[in-house]
Peer 1: 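One structure coming up, written as structure tokens, with questions to follow.
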Amino acid sequence: MELAVDILVGMMLAATPLLFAALGELVAERAGVLNLGVEGMMVVGAVTGFIVTAESGSHFAGIALAAFAGTLMGLLFGLMTQILLANQVATGLALTIFGLGLSALMGQGYSGLSVPPLEAIRLPVLSELPVLGPLLFHHEPMFYLSILLTALVAWFLYATRAGMILRAVGENHHAAHAIGFPVVRVRLAAVAFGGAMAGLGGAYLSVARTPLWSEDMTAGRGWIALAIVVFASWRPGRALLGAYLFGGVTIVQLHVQGAGVDIASQYLSMLPYLATIVVLVLISGGRGAAVLRAPGSLGRTFYASS
Amino acid sequence: MFKRIGAPLLAAAMAASFAFAATAAEKLKIGFVYCCPVGDLGWSYEHDQGRKAIEEALGDKVETTYVEGVADGPDAERVIRQLAQGGNDLIFTTSFGFMNPTVKVAKRFPDTMFEHATGFKQAENLATYSARFYEGRHVIGLIAGEMTESNIVGYIASFPIPEVVRGINAAYLAAKSVNPDIQFKVVWVNTWFDPGKEADAAKALIDQGADILMQHTDSPAAMKIAEQNGIYAFGQASDMTRFGPNAQLTAIIDDWAPYYIERVKAALDGAWEAKDTWGGIGSGMVAFAPYNDAMPGDVKALADKARAEIAAGERHPFTGPIRRQDGSVWLAEGETASDADLLGMNFYVEGLEGSLPK
């Protein structure tokens with residue numbers, strides 16, 4: 001029982017950075033923008049969060065500026081694709097490569113340093129509960145932030161006028177433009193939000209999970225976040241589920257090895273990626289296609305002809 | 001004195017810097033190629049400490065350069081060739097994965113001296129060197145066997161190559177010799193350096209009952225997790241005290257400085273020759289961080305005795321009787337393993353659980 005709780009807690013820790021990044025990309029894609037630069041925005045967030053925390057001693061400042069750095073990266077992408085009308089796929093890939101290089105440059109001289117980890121919040125009484133205590137009421141603040149943001153994004157998308165406009169812009173940008181919605185501005189805001197969230201995901205790794213900086217420390221998590229958005233069929237609640245599933249597979253494979261189960265570790269390391277492919281295949285064919293429901297204008301360049 | 005060059009900007013920067021440096025006086029130019037950032041505080045960091053020691057010891061007779069974060073394969077070959085073309089007289093390549101690229105480039109530049117760490121292929125102008133880390137693993141195995149209360153040691157392993165397997169076996173045999181109930185849980189992460197994954201592995205091992213962690217990966221992530229969870233761990237490659245002031249029992253330190261200085265002196269005197277060096281505790285290549293104050297005196301004495309005996313050649317970590325995991329006899333009573341056996345080790349010894357990834 002205790003081990004099961006430990007495994008679940010491990011899954012939550014592994015899922016949190018994925019959830020941040022996936023939620024941000026989900027909003028961007030709901031507005032019709034496909035940004036493949038999540039990995040690059042995450043890694044810039046990670047290095048910024050670490051540097052600011054190390055220099056200022058404030059985790060809050062580190063996390064806030066990581067989100068800001070991610071926003072700038074998102075806006076750079078927005079400038080290229082929404083104003084200069086560059087191809088979204090190519091720009092996104094370029095953003096990842098740029099982010100990896102930029103973060104390595106910024107982080108020179110910081111790799112190998114260490115900051116104190118973000119302290120867990122121990123909720124009185126609740127954290128003493130037998131199973132639910134360690135599971136739900138004894139985590140560092142970023143974990144709670146990720147859950148809160150999931151709820152906020154869901155509320156925003158489905159219960160506010162601004163959310164409805166954002167979805168309309170993503171579904172059909174010409175129609176949205178025709179009835180007077182500011183397509184480009186909405187999309188810029190959406191990619192900026194996506195960048196901020198990716199920055200938070202990166203900062204979670206460098207400030208909370210393993211409080212240190214090393215090059216490429218996001219190690220492909222941005223790509224998994226992209227897969228989660230598709231897995232979630234663009235819905236925040238399912239993104240939460242997907243993040244926990246994908247994070248969970250990683251943790252379970254480590255536990256399986258530790259328990260001495262006789263499966264080659266390479267196969268187990270492959271599982272999250274295999275799961276991604278299986279999910280993509282499942283939801284893209286036949287009846288699944290209806291469930292998939294990608295935003296109608298996703299990835300298409302908008303040019304206001306009138 | 002040296003130039004710090006990021007791999008991405010390598011080609012342009014090298015061309016410019018070496019064209020410029022060619023006018024300098026006749027210094028021995030020495031190049032280093034590192035697999036990881038020197039800030040990893042592990043493997044590459046210690047090689048760079050060795051490089052700095054050369055500069056300190058030999059001052060203006062030498063000029064050193066390094067390239068960090070170089071990937072195995074074609075990238076490595078390009079970097080090594082650039083260094084050779086750039087007029088470096090002696091080039092150290094410091095990752096197992098650089099072996100074949102180094103051999104290739106060494107053939108093309110017969111007048112340049114090459115040294116490859118942890119490899120086994122030599123040539124007229126290519127020496128190899130490594131350290132007997134398994135001697136250090138024997139010592140930390142003894143300490144772990146004495147210090148564990150749960151009798152479970154968690155081991156974060158990188159790749160199933162002989163170097164790593166040897167370390168697991170050496171630590172396990174030593175721990176078993178002082179604690180018959182010891183159990184090792186080995187987790188393979190298939191990376192040398194991914195702090196997030198190393199941390200996840202460390203946490204998983206702790207959840208499974210390990211109260212001491214050993215690692216054969218390069219980042220201090222596991223040490224951080226050990227510190228946060230109030231358990232013990234051993235530093236890898238360098239002293240990781242600042243990541244785990246309470247957690248670190250000791251660390252195996254790769255001290256390359258004496259070897260590097262000796263080899264550079266030989267090159268300066270024209271006495272350099274290609275040979276294979278495999279130094280251990282005796283030659284100082286394998287060193288230790290100070291013991292944790294939490295270690296009782298008798299455990300410190302046990303570790304010190306092992307260090308002294310290994311250094312004097314009176315003790316060998318692989319001394320029979322030792323059986324392989326499948327029960328077949330590997331070493332008979334009193335027999336010690338040959339270097340060839342050690343270099344090709346691809347099996348677990350009896351008592352270890354799980355199977356070795358192929």
Side-chain angles (χ1 to χ4, degrees), chain A residues 2-11 13-14 17 46 97 100-101 104-105 107-117 119-120 204-206 209-221 247 250-270, chain B residues 4 6-9 36-42 45 68-69 152 154-157 159-160 183 185-191 193-210 218-225 227-228 238 240 242-244 352-358:
Chain A
E2 208 174 306
L3 184 61
V5 171
D6 287 337
I7 292 176
L8 282 170
V9 170
M11 289 164 71
L13 297 175
I97 298 166
L100 290 171
L105 184 70
Q108 275 202 356
Y110 286 92
S111 54
L113 291 186
S114 177
V115 297
E119 286 299 324
Y204 176 84
L205 286 170
S206 66
R209 186 73 188 103
T210 49
L212 48 90
W213 161 251
S214 74
E215 260 174 60
D216 300 358
M217 73 179 295
T218 47
R221 286 171 181 83
T250 317
I251 298 303
V252 168
Q253 72 99 348
L254 291 169
H255 275 279
V256 164
Q257 283 194 58
V261 179
D262 204 353
I263 310 174
S265 61
Q266 291 89 340
Y267 288 118
L268 294 165
S269 296
M270 212 164 70
Chain B
R4 181 177 179 139
L9 298 173
C36 301
V38 294
D40 65 1
L41 270 193
Y45 172 81
E68 62 182 331
I152 299 174
Y155 204 115
I156 304 165
F159 294 98
Q183 191 192 351
K185 286 187 184 286
V186 182
V187 163
W188 297 89
V189 291
N190 298 308
T191 175
F193 197 66
D194 176 348
K197 200 165 181 190
E198 291 169 53
D200 288 341
K203 190 63 181 46
L205 287 165
I206 293 170
D207 292 342
Q208 299 223 357
D218 288 347
S219 95
M223 184 63 73
K224 272 254 149 188
I225 299 294
E227 181 77 17
Q228 282 169 34
S238 72
M240 294 182 174
R242 62 168 139 165
F243 296 97
L352 277 166
E353 287 162 31
S355 68
L356 195 57
K358 291 290 177 301

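Proteins come first, then strands; the chains are lettered A, B, ... in the order of their sequence lines, and each starts at number 1.
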Peer 1: How close do B/Asp200 and A/Ala14 get, counting heavy atoms only, and between which atoms?
Peer 2: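 In terms of heavy atoms, the two residues are closest at OD2-CB, 4.3 Å.
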Peer 1: Check each atom of B/Gln228 against the heavy atoms of chain A and say whether the ones under 4.5 Å are side chain, backbone, both or neither.
Peer 2: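 Looking at B/Gln228, just its side chain touches chain A.
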Peer 1: Measure the spacing between CD of A/Gln257 and CD of B/Gln208 and express it to the nearest 0.5 Å.
Peer 2: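 So the gap between those two atoms works out to 10.0 Å.
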Peer 1: Could you look at A/Val252 and say if it's the side chain, the backbone, both or neither that has a heavy atom under 4.5 Å from chain B?
Peer 2: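 Looking at A/Val252, nothing touches chain B.
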Peer 1: Given heavy-atom pairs under 4.5 angstrom as the criterion, report whether the side chain, backbone, both or neither of B/Ile206 touches chain A.
Peer 2: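 For B/Ile206, no heavy atom lies under 4.5 Å from chain A.
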Peer 1: Using non-hydrogen atoms and a 4.5 Å limit, figure out which bit of B/Val187 sits close to chain A: side chain, backbone, both or neither.
Peer 2: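 The answer is both parts of B/Val187.
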Peer 1: Which atoms form the tightest heavy-atom contact between B/Lys224 and A/Val115, and what is the distance?
Peer 2: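 Shortest heavy-atom contact: NZ-O, 3.1 Å.
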Peer 1: Look at B/Pro195, B/Ala221, B/Gly209 and state which one has the largest set of heavy-atom pairs under 4.5 Å with chain A.
Peer 2: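 Of B/Pro195, B/Ala221, B/Gly209, B/Pro195 has the most heavy-atom pairs under 4.5 Å with chain A.
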Peer 1: If you round to the nearest 0.5 Å, how far is NE2 of A/His255 from NZ of B/Lys185?
Peer 2: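 Between B/Lys185 NZ and A/His255 NE2, I get 10.5 Å after rounding to 0.5 Å.
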Peer 1: Measure distances from A/Ala259 to the heavy atoms of chain B and classify the residue's part below 4.5 Å as side chain, backbone, both or neither.
Peer 2: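 Both the backbone and the side chain of A/Ala259 come within 4.5 Å of chain B.
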Peer 1: Can you tell me which portion of A/Leu212 sits under 4.5 Å from chain B's heavy atoms? Options are side chain, backbone, both or neither.
Peer 2: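 The side chain, not the backbone.
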Peer 1: Which pair of non-hydrogen atoms, one from A/Leu254 and one from B/Lys197, has the smallest distance, and what is that distance?
Peer 2: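 Reported closest heavy-atom pair: CD1-O, 4.4 Å.
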